[in-house]
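Data first, discussion second: the structure below is written as structure tokens.
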Amino acid sequence: MPKYKLIYFDIKGRAEPIRMGFALAGQEFEDVRIKKEQWPELKPKMPHQALPVLEIEGGVVLSQSFAIGRYIANEFGFAGKTNLEKAQADMFCDALNDLTPKLTELFHASDEKKAEVRKELFEKLLPAAFTNMERLFSKNKDGTGFLVGDGITWADIMFYNFADGMEQIEPDVLKNFPKLQGLLERVRNNPKIKEYIKNRK
Amino acid sequence: MEGQDSSNQSTAKLTYFNGRGLGEGVRFMLAAAGVPFMESFVTEKEQLEKLRTDGKLTFMQLPLLEIDGLCLVQSRSIVRYLARKHGMDGKTPEEKARVDILTEGGRDFMASFDPPGFQSDEEILVKIKTKTLPRYLPIFDKILSSSSSGYLVGDSLTYADMILLEALLNTEEFLPGSLKDFPKLQEFKDKISSLPQIKAFLEGPQRKPKNTPEYVANVKRVLDM
């Protein structure tokens, strides 16, 4: 029986980076995907009435996708090597997370509002965010490697999932950001991640 | 049944502590051979006891690699199994002997990096600096100087290259700059580290960091040291 059980809906959403993290580390976990109908009954039992949660053998239940991500990154060695690197990784992730309310808005917007929110996101907010990222990324080996330090970290996994999601809506979203495009490819070509993407549900 | 892998997984699974030790050489070889692997970390005595009573550990020791329906133990044997399977053990009987010889020497070289955390750092560094490096660096440097392929034996990657890589990476970590008088060794280290499957491994989480106090405590706790 695996030590870890991840519970989420049967979509990528906030769980996909965590699933990918387990795959990167070569660690087993139970990938539980609940149906929408099961949620109302499960909801009150969750620590923060939300998913994903990570149930750890022994009884501890973690919620908050970023906390879960950081936890497995620290446990399995891809959080960054020093406290400073870990903070830098967090910095990139938190900056991306600033865009979540707007993404949620786009997802739930009525047809009339959708075009307006989409325009704000793709013409203003995302370019600004990616400009910052490209500039900061260039400070680490001129943006030829990974976001932080010498190796792949949690921040790269988060960025990959975020950018990949944006590319599904707007394929050209990274066209002005060659270093971030390079990073996306680099993550995509990591053998463990490539294998995970090939086999995922 | 002893020696038989009872799991249904098709992915290889390595069971060891969450650190380098004797497991790291197996991880290097799995990476070199392009074999994806899962890891199970032993953090409590009970886990080790269960593996022993389940009959998976021939000599009651770790590492354990469950692969191809087998339960493989003895780190050097695991490495040789993988190398043989993937044609990385030399092409002729003579080459196979060379690879074997250089790996035994390479393992002796690596042995000086096993104790950190278990013995005092000063003791270890003095030994590495005064005995290990003067003995092994010139020998491997000389072999590489007469290699036209850049590999230790023949013209392709073998398990001898992997143990030397592991030893050189440790050398740079513990005594930075030690390779400055050995450009052939530096070249070798860079060349092998840049091979795509090895680069991905070195940049990823399965490459373990130097021994930490937590790691040492974990090992002592599980092994009753």
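Because the structure is predicted, anything quoted here is derived from the model rather than measured. Order of the sequence lines sets the chain letters (A, B, ...), proteins ahead of strands, with each chain counted from 1.
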**Asked** Non-hydrogen atoms of chain A under 4.5 Å away: do they reach the side chain of Q206(B), the backbone, both or neither?
**Response**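 Contact with chain A: side chain only.
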**Request:** Below 4.5 Å from any heavy atom of chain A, which atoms of P36(B) appear? Answer side chain, backbone, both or neither.
**Result:**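 Contact with chain A: backbone and side chain both.
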Is the count of non-hydrogen atoms from other residues, nucleotides or ligands lying under 6.0 Å from [X] atom [atom1] greater than 12?
X       : atom1 : result
K129(B) : NZ    : no
K199(B) : NZ    : no
K127(B) : NZ    : no

**Prompt:** Within residues 66-93 of chain A, which positions have a heavy-atom distance to chain B below 4.5 Å?
**Reply:**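 E75(A), F76(A), G77(A), F78(A) fall under the 4.5 Å cut-off.
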**Prompt:** Mind checking which of residues 124-156 of chain A sit less than 4.5 Å from chain B, heavy atom to heavy atom?
**Reply:**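 Within residues 124-156 of chain A, near chain B: F146(A), D150(A), G151(A), I152(A).
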Once you round to the nearest 0.5 Å, how far does [atom1] of [X] lie from [atom2] of [Y]?
X      : Y       : atom1 : atom2 : value
Q47(B) : K3(A)   : CD    : NZ    : 7.0 Å
E28(A) : T11(B)  : CD    : OG1   : 9.0 Å
M38(B) : K192(A) : CE    : NZ    : 7.5 Å

**Request:** Enumerate by number any residue of residues 153-188 of chain B whose heavy atoms lie under 4.5 Å from heavy atoms of chain A; in the absence of such residues, state 'none'.
**Result:**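 So no residue qualifies.
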Sequence neighbours left out, cut at 3.5 Å: what donor-acceptor pairs do the side chains of residues 40-56 of chain A make with other protein atoms?
from, atom 1, to, atom 2, distance (Å)
H48(A), ND1, S63(A), OG, 2.7
Q49(A), NE2, M46(A), O, 3.1

